[in-house]
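Each chain gets a letter, A, B and so on, in the order the sequences are listed, and its residues count up from 1.
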Amino acid sequence: MKNEKSFKNRVNELVAQIPKGKVMTYGQIAALCGRPRAARMVGGIAHHGDTGLPWHRIVKKDGGLAEGYPGGTQGHRAALEVEGVKFTDSGRIADMHKRLWQGSL
DNA sequence: GTCATGACGGATC
DNA sequence: GGATCCGCCATGA
């Protein structure tokens with residue numbers, strides 16, 4: 001069997017499955033797609049991907065926010081707070097480890 | 001087919 | 001703990 005879909009296509013599908021109130025790191029998503037070192041790809045795909053997907057649920061490994069998000073980390077943070085995610089004064093997710101979604105492919 | 005890029009990650013200073 | 005540099009891999013031109 002060949003590759004069913006492109007790497008970015010898998011990322012799109014995976015992101016679409018992230019439940020509300022949960023988040024995933026770029027590296028984790030990339031790893032689940034089979035490329036643990038393609039974290040940068042996930043970011044690039046996010047910028048080009050569909051706006052109908054919860055890209056705001058994707059954060060950095062430290063629980064940090066995306067710099068290129070429309071509105072900046074500020075807008076990204078606001079989007080997550082709406083879903084019930086708490087943030088620290090440092091601008092990172094307070095309980096990121098609990099909010100982390102294992103994902104399932 | 002080749003070059004340069006990108007919403008990162010990890011290591012180092 | 002914070003900031004900086006390099007490296008990784010797939011995508012697009």
Working to the nearest 0.5 Å, report the span between CD1 of A:Ile18 and CD1 of A:Ile29.
5.0 Å
Greater than 12 external heavy atoms within 6.0 Å of A:Gln74's CD
no
Whole Å only: how far is the [atom1] atom of [X] from the [atom2] atom of [N]?
| X | N | atom1 | atom2 | result |
| --- | --- | --- | --- | --- |
| A:Arg10 | C:dT11 | CZ | P | 10 Å |
| A:Asp62 | B:dC8 | CG | P | 12 Å |
| A:Asn9 | C:dC9 | CG | C1' | 17 Å |
| A:Met24 | B:dG9 | CE | P | 12 Å |
| A:Tyr26 | C:dA10 | OH | P | 19 Å |
| A:Leu14 | C:dA10 | CG | P | 17 Å |
| A:Phe7 | B:dT5 | CZ | C1' | 16 Å |
| A:Tyr69 | B:dC8 | OH | C1' | 18 Å |

Report yes or no: do A:Glu67 and A:His76 form a side-chain donor-acceptor pair below 3.5 Å?
no
Measure distances between side-chain N and O atoms of A:Arg40 and base N and O atoms of C:dG7, and say whether any donor-acceptor pair falls under 3.5 Å.
yes
A:Ser6 has its side chain closest, among B:dA7, C:dT11, B:dC8, to C:dT11
Which listed nucleotide (B:dA7, C:dA10, C:dT11) is nearest to the side chain of A:His47?
B:dA7
Classify the nucleic acid contact of A:Lys61 as base, sugar-phosphate or nothing, counting any heavy atom under 4.0 Å across all strands shown.
base
Looking across every strand, which nucleic acid part, if any, lies under 4.0 Å from A:Ala66 by heavy atom: base, sugar-phosphate, or nothing?
base
Can you tell if the side chain of A:Gln28 reaches within under 4.5 Å of the side chain of A:Gln102, non-hydrogen atoms only?
yes
Between A:Arg37 and A:Ile45, the residue closer to the 5' end of DNA chain C by nearest nucleotide is A:Arg37
Report the base-pairing partner of C:dG12 (Watson-Crick or G-U wobble, both distances below 3.5 angstrom), or none.
B:dC3
Any salt bridge between A:Glu81 and A:Lys86, counting N to O under 4.0 Å?
no
With a 4.0 Å cutoff (strictly under), does any side-chain N or O of A:Lys8 reach OP1 or OP2 of C:dG12?
yes
